There are 2 protein chains.
Amino acid sequence: MATPKDLPQDIGTFIRDLRQTAKISLRQLADKAGVSNPYLSQIERGLRKPSAEVLQQIASALRVSTPAMYLRAGLLDGEGQQGVLAAIAVDPELTIAQKQSLTQIYETFRNENARNAPPASEAETPSPDAESAPRTTPIAEETK
Amino acid sequence: MATPKDLPQDIGTFIRDLRQTAKISLRQLADKAGVSNPYLSQIERGLRKPSAEVLQQIASALRVSTPAMYLRAGLLDGEGQQGVLAAIAVDPELTIAQKQSLTQIYETFRNENARNAPPASEAETPSPDAESAPRTTPIAEETK
DNA sequence: GCGTTTTGCTTGCAAGAGCTAGCACTCCGC
DNA sequence: GCGGAGTGCTAGCTCTTGCAAGCAAAACGC
């Protein structure tokens, strides 16, 4: 497994930024997320690499979507094409057949567009990051 | 952390099913995924609970989307309705017209499912298993 | 000043992830 | 029969994750 040193500080910094934006202490977030506060401290400082479950718990406590947290941690890709297929795959409202149909239609569309050779400049969308941030609802925790 | 015993066997069974559908041996998949074959064996039998990174590697080797794998492992929720529409909206590979078409098809499907008000017994379909499998391109590995 | 509370961090440990070395078994060709 | 190749698994090991116990410093109220 990759050592925490190989991991960009992003996820730790990301979590600390969100926490500070929400104006809650490390202990408050740890309690809310159900992880120990020393461990959360280590995560924020990049000394430990949290599992997906821990990330999920922290995301929930910070009211950030799990995929956004995973994206930041490098556990999910931010490519838009994967996003649609992924979303279709996880949609509980679709039957299997419908998922297959949508996937095929989607891929047909993409093939058409590839044939038309769309401008490369449009392929680079930094939007995933920008989307994650505004989705965070600041949590003003009262002092205990 | 939850012990593997608490984890449904689903992810291990899921991986084994996909692997067998792809007609590759445990060793071939392990090599391809970059994990040790004993460990993959343990994962398949539910004796170990793999990290998200390992799941990602296995997903890639089996040509399954990472989110689908995570979903199965309980690392992602199946909240899809928002996800699909949002993903379509941000997909850089789709034209406006295509986005509209996909959106309409998606909503038609959902309306059909809502109208059918599927019996609760049918709503719980193990078919998601079968749905994921046919989307995997069978990998016929040559014997080394 | 004091004591108390809050804050973030250090340290040592247990449990679990993931590995290597190797085993037992099956199948095949000679 | 044999050996070789392929298969899935066992066992012991190292390292990492996440924790509990506790520390040092800052903030606060008296």
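Proteins come first, then strands; the chains are lettered A, B, ... in the order of their sequence lines, and each starts at number 1. All of these numbers come straight from a predicted model, not from anything done at the bench.
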Fill in the blank from the handout: By nearest-nucleotide position on DNA chain C, the 5'-leaning member of A:R16 and B:V35 is A:R16

Handout entry: Heavy-atom donor-acceptor pair, B:Y70 side chain to A:L75 backbone, under 3.5 Å
Key = yes

Fill in the blank from the handout: Whole-Å distance, A:I43 CD1 to D:dT17 P, equals 10 Å

Exercise for the section: Mind running side-chain contact (heavy atoms from CB on, under 4.5 Å) on B:T66 and B:L55 for me, showing each step along the way? Expected result: CA-CA 8 Å; B:T66 303; B:L55 285 175; over 6 Å; no

Problem - Which nucleotide in C:dC9, D:dC9, C:dG18 has an atom nearest any side-chain atom of B:V54 - result: C:dG18

Handout entry: Pairwise distance CG(B:L26) to CD(B:E44) - rounded to 0.5 angstrom
Key = 5.0 Å

Report, one pair per line, the protein and nucleotides 21-26 of chain C atoms (nitrogen or oxygen only) whose separation is under 3.5 Å.
from	atom 1	to	atom 2	distance (Å)
C:dG22	O6	B:R27	NH2	3.4

Fill in the blank from the handout: A:L40 atom CG is separated from C:dT10 atom P, nearest whole Å, by 14 Å

Handout entry: B:Q42 CD - D:dC13 P separation (whole Å)
Key = 16 Å

Handout entry: Nucleotide of C:dG12, C:dA17, C:dC9 approaching B:Y39 most closely (side-chain heavy atoms)
Key = C:dA17

Problem - d(CZ, A:R48; C1', C:dA17) in whole Å - result: 14 Å

Handout entry: A:R48 side chain to A:Q42 backbone, donor-acceptor under 3.5 Å
Key = no

Exercise for the section: Consider the side chain of B:S41, meaning its heavy atoms from C-beta on, and name the nucleotide among C:dG8, D:dG8, C:dG18 that approaches it most closely. Expected result: D:dG8

Exercise for the section: Indicate yes or no for a side-chain donor-acceptor contact from A:S41 to the backbone of A:N37 under 3.5 Å, with no hydrogens or angles considered. Expected result: no

Handout entry: Check: A:I58 and A:K32 side chains under 4.5 Å, non-hydrogen atoms
Key = no

Practice task
Could you check how far NZ of B:K49 sits from P of D:dT16, rounded to whole Å?
Solution key: 18 Å

Practice task
Starting from P on D:dC19, measure out to CG on A:D31 and report it in whole angstrom.
Solution key: 11 Å

Practice task
Answer yes or no: is there a side-chain heavy-atom contact under 4.5 Å between B:L29 and B:V35?
Solution key: no

Exercise for the section: Give the nucleotide from the list C:dG18, C:dC9, D:dG8 with an atom nearest to the side chain of B:S51. Expected result: C:dG18

Exercise for the section: Could you check whether B:S25 gets within reach of a base, just the sugar-phosphate, or nothing at all, counting any heavy atom under 4.0 Å? Expected result: sugar-phosphate

Completion exercise
Rounded to whole Å, the CD1-C1' distance (B:I24 to D:dG8) equals 14 Å

Problem - d(CD, A:E53; P, C:dA17) in whole Å - result: 9 Å

